[in-house]
Amino acid sequence: MKLNAEILKEIEDSAQEALDLLIELGKIPAPSHQEHKRAEFCKNWLIQQGAKGVYIDEALNVVYPVGCTDDNPVVVFAAHTDVVFPDTETLPMTVADGKVYCPGIGDDTIHVVALLMVAKYVAQHNLVPENGGILFVANSCEEGLGNLKGVRKIAEQYGSRMTEFVTFDGPGCSVVNKAVGSKRYKIEIDTEGGHSYSRFGNRNAIVYLASLIDTLYALKVPTRGKTTYNVGTISGGTSVNTIAQHAEMLYEFRSDDREDLVEMEAHLNAALAFYATKGIQVTCTLLGERPCGSTVDADKLDDLVTRAKNALRTHMHEEPGVRSASTDCNIPLSMGIPSVMVPCGRGFGAHTREEYIEIDSQIDGIKVAFELVLHHIKGE
């Protein structure tokens, strides 16, 4: 089905509705694993627009199946509801100078709105998928230690029935078609500690943790792909006059190459083993793991990337790039399913409290979503 002049006019006429929806949804707090309020809002909104069969699954995904039977192939369109911020009260928002400022407004609220608007159009016009079914998913747990829980649940349920996966997400004007895998750990060190004066000379957990960090940062990363590492937080100790008994950190490494990830893990394990020989207690807990991609049919993936780039070029009025990233696409790409991440709006400052989107980019982004969804709809 083509995105014709009549549909374009309907999209443009919905600009105020889309902005109002963005403002209302953007204020609703949604830390990873705590997306209940946003999930209920999205479900109720879809039902009010005439969508049938909408449900919230046990992972807090809002799922709207269209033309899906028990075993037919499905195309998935998704956008994540969670934000990186821990707020559980109404998120602060300002609308000024053609922008909407709010934590999480671009990552990923504007994209959830694009998903909802195209799902509404499909519902209200009783549109039918061309081959198989379409699954609209406002999914949970994309950010940080959410560990892609939402999409993992969709993959568990639909598996190889998924023929394509598109997630609306990301800044700028580029298509993500390659997965950056990662592992995230909490590493803890425990020693005997003691009073800083009377027990001077006892081992200090903070010192050993600092030494371990120095060891990890001395690594020359492998170069088959792009590989990075980071210590994100450190904590420990009791007081200024206490030899620390406990210290811990959060550590991650990432790569878009499977072999590089294996090499990084081997280096970490060797470092941990060395410090364990010093008689201190070293505990390493895996908190999150995102897989790299697997072998994907190159022609099918290229076709999907071409469609995404054409939609961006036409409606966002920029020449799109192609890049790798860590996204909800990691899961389907690791399963060999053609998958892309596509932006549906222009925003800046993601993962900061100064984040904003440009209002005049919202309708252009919704057109991108429509273009990609209507490709799978029967009609001229």
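Since the model is a prediction, treat every value here as computed from it, not as a measurement.
Remark: R224 engages E263 in a salt bridge, criterion side-chain N to carboxylate O under 4.0 Å. A salt bridge links E156 with K153: the distance from a Lys NZ or Arg NE/NH1/NH2 to an Asp or Glu carboxylate oxygen falls below 4.0 Å. Between E164 and R307, at least one side-chain N (NZ, or NE/NH1/NH2) sits under 4.0 Å from a carboxylate O, which counts as a salt bridge.
Applying the side-chain hydrogen bond (donor to acceptor under 3.5 Å, both in side chains) criterion to K220, with sequence neighbours excluded, gives no partner residue. With sequence neighbours excluded, the residues satisfying salt bridge (charged side-chain N to carboxylate O under 4.0 Å, His left out) with E12 are K367. E188 pairs by the side-chain hydrogen bond (donor to acceptor under 3.5 Å, both in side chains) definition with nothing, not counting sequence neighbours. Partners of Y121 by ring pair (Phe, Tyr, Trp, His ring centres under 6.0 Å), not counting sequence neighbours, listed by chain and number: H125, F370. Taking the side-chain hydrogen bond (donor to acceptor under 3.5 Å, both in side chains) definition, one finds that D87 meets it with R353, sequence neighbours left out. Residues forming a side-chain hydrogen bond (donor to acceptor under 3.5 Å, both in side chains) with N269 (at least two apart in sequence, or on another chain): none. Judged as a salt bridge (charged side-chain N to carboxylate O under 4.0 Å, His left out), and not counting sequence neighbours, the contacts of E319 are R313.
In the hydrophobic clustering of ILVMFWY residues, with side-chain heavy atoms under 4.5 Å counting as a link, M117 and I357 come out together. Each of V76 and V128 belongs to its own hydrophobic cluster when Ile, Leu, Val, Met, Phe, Trp and Tyr are linked at side-chain heavy-atom distances under 4.5 angstrom. Placement of L374 and I363 within a single hydrophobic cluster is found when ILVMFWY residues are connected by side-chain heavy-atom separations under 4.5 Å, directly or transitively.
N241 has its side chain within reach of H195: a pair of non-hydrogen atoms, C-beta onward, lies under 4.5 Å apart. Put simply, the side chain of L60 does not reach to within 4.5 Å of the side chain of D82, judged on heavy atoms. Two residues are said to be in side-chain contact when any heavy atoms from C-beta on lie closer than 4.5 Å; R184 and R254 meet this criterion. In this structure, the side chains of F253 and V221 stay at 4.5 Å or more apart for every pair of heavy atoms. Residues L216 and Y229 form no side-chain contact, since every pair of their non-hydrogen atoms from C-beta on lies 4.5 Å or further apart. With a 4.5 Å cut-off on side-chain heavy atoms, Y185 and L268 count as touching. Counting only heavy atoms from C-beta outward, the side chains of T167 and V151 never approach each other to under 4.5 Å. Counting only heavy atoms from C-beta outward, the side chains of Y217 and L212 never approach each other to under 4.5 Å.
For the pair I187 and C284, the tightest heavy-atom approach, listed with the atom from each and the gap, is CG1-SG, 4.0 Å. When every heavy atom of I243 is checked against every heavy atom of S196, the shortest pair comes out as CG1-CA, 3.9 Å.
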Only pairs under 3.5 Å count here: list side-chain donor-acceptor contacts from residues 91-110, not counting sequence neighbours, and write none if there are none.
unit_1 : atom_1 : unit_2 : atom_2 : d
D107   : OD1    : H80    : NE2    : 3.1
D107   : OD2    : H351   : NE2    : 2.9
D108   : OD1    : H111   : ND1    : 2.7
D108   : OD2    : H80    : N      : 3.0
T109   : OG1    : R38    : NH1    : 3.0
T109   : OG1    : G104   : O      : 2.9

Side-chain donor/acceptor pairs under 3.5 Å, residues 334-346, sequence neighbours excluded:
unit_1 : atom_1 : unit_2 : atom_2 : d
S334   : OG     : N330   : O      : 3.4
S334   : OG     : I331   : O      : 2.6
S339   : OG     : I337   : O      : 2.7
R346   : NE     : E318   : OE2    : 3.4
R346   : NH2    : M316   : O      : 3.4
R346   : NH2    : E318   : OE2    : 3.3

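A donor-acceptor pair under 3.5 Å is absent between the side-chain atoms of Q49 and the main chain of Q124, judged by distance alone.
Here ring pair (Phe, Tyr, Trp, His ring centres under 6.0 Å) pairs that include residues 257-303, with residues two or more places apart or in two chains, number zero. For residues 133-157, the pairs satisfying ring pair (Phe, Tyr, Trp, His ring centres under 6.0 Å) are Y64-F136, with sequence neighbours left out. Sequence neighbours left out, the pairs with a member in residues 278-291 that pass side-chain hydrogen bond (donor to acceptor under 3.5 Å, both in side chains) are R290-S326.
In summary, the side chains of Q48 and N44 do not present any donor paired with an acceptor at a separation below 3.5 Å, with no hydrogens or angles considered. A donor atom on one side chain and an acceptor atom on the other are not found under 3.5 Å apart for D364 and H315.
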